[in-house]
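These notes concern the structure reproduced below.
Reckoned from all heavy atoms, side chains included, excluding hydrogens, waters and symmetry mates.
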Amino acid sequence: AIDIQPYVKALRSKDNQTVNVAADALGRIGNTEAISPLIDVLITTHRLQISGGGNIGASFSPDGGSGLSAGGPTYVDEDVKNPEVRRALMTLSNGQDFEYDEKVWRNWYVNERLIKQQPLIDPRRDQ
């Protein structure tokens, strides 16, 4: 059996491409133990730099005041859908597709685990 832990760890990468490559590998390996960690990264939040640092700006006000400011880089957090994660989940779940709805995936997963853990109960009372 292939150890999935390095791939599961890679799912937590700050680099979105790494997340998707790891998800693709997990889908190909086919170990259903990867389902829960995959659900966690259907949509990931990444910090993106939207402006560079080192900007210097001068400002002058009507009352004669002036100012000099040096601004650092500006960042924004962005949620990113991970298509390879979704594809891996569809593979590992035998074709289920709840798109990018983490809550629905989680509910399905919990129900699947419960069904597999339940012993078969014979409803007949005559035994």
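- Shown here are the side-chain contact (heavy atoms from CB on, under 4.5 Å) partners of N16, two or more places apart in sequence or in another chain: N20, T44, H46, V80, N82.
- Tracing side-chain contacts under 4.5 Å through hydrophobic residues (I, L, V, M, F, W, Y), one never reaches I35 starting from V110; they form parts of separate clusters.
- One distance of note links CD1 of I43 with CD of E99; it measures 10.5 Å at 0.5 Å rounding.
- The two residues L26 and A34 make their nearest non-hydrogen contact at CD2-CB, 3.9 Å.
- When all heavy atoms of V19 and S13 are compared, the closest pair comes out as CG2-O, 3.6 Å.
- Here R28 pairs with D24 under the side-chain contact (heavy atoms from CB on, under 4.5 Å) rule; sequence neighbours left out.
- Here the CD-CG distance, from E102 to L89, works out to 10.0 Å after rounding to the nearest 0.5 Å.
- Put simply, CD1 on I50 and OG1 on T74 are 5.5 Å apart, with the number rounded to the nearest 0.5 Å.
- Pairing each heavy atom of I39 with each of Y109, the nearest pair is CD1-CB, 3.8 Å.
- If you take NZ on K14 and CZ on R12, they are separated by 12.5 Å, rounding to the nearest 0.5 Å.
- Residues V21 and E84 are not in side-chain contact: their nearest non-hydrogen atoms beyond the backbone lie 4.5 Å or more apart.
- Partners of D15 according to the salt bridge (Lys or Arg N to Asp or Glu O under 4.0 Å) rule, which considers only residues two or more places apart in sequence or in another chain, do not exist here.
- Atom NZ of K81 is separated from atom CG of L42 by 10.0 Å, given to the nearest 0.5 angstrom.
- Remark: D79 engages T45 in a side chain to side chain donor-acceptor pair (under 3.5 Å) (not counting sequence neighbours).
- Remark: A25 engages Y7 in a side-chain contact (heavy atoms from CB on, under 4.5 Å) (not counting sequence neighbours).
- D97 meets the salt bridge (Lys or Arg N to Asp or Glu O under 4.0 Å) test with R86; sequence neighbours excluded.
- Here S93 pairs with Q96, W105, W108 under the side-chain contact (heavy atoms from CB on, under 4.5 Å) rule; sequence neighbours left out.
- The minimum heavy-atom distance linking L38 with A88 is given by the pair CD1-CB, 3.9 Å.
- A pairwise comparison of heavy atoms in T18 and A10 identifies CG2-O, 3.9 Å as the closest pair.
- By the 6.0 Å contact criterion, CD1 on I2 is open, its count of non-hydrogen atoms from other residues, nucleotides or ligands being 12 or less.
- Nearest heavy atoms, T91 versus G27: CG2-O, 3.8 Å.
- Remark: R106 engages S36, D40 in a side chain to side chain donor-acceptor pair (under 3.5 Å) (not counting sequence neighbours).
- Among residues two or more places apart in sequence or in another chain, the side chain to side chain donor-acceptor pair (under 3.5 Å) test is passed with D3 by none.
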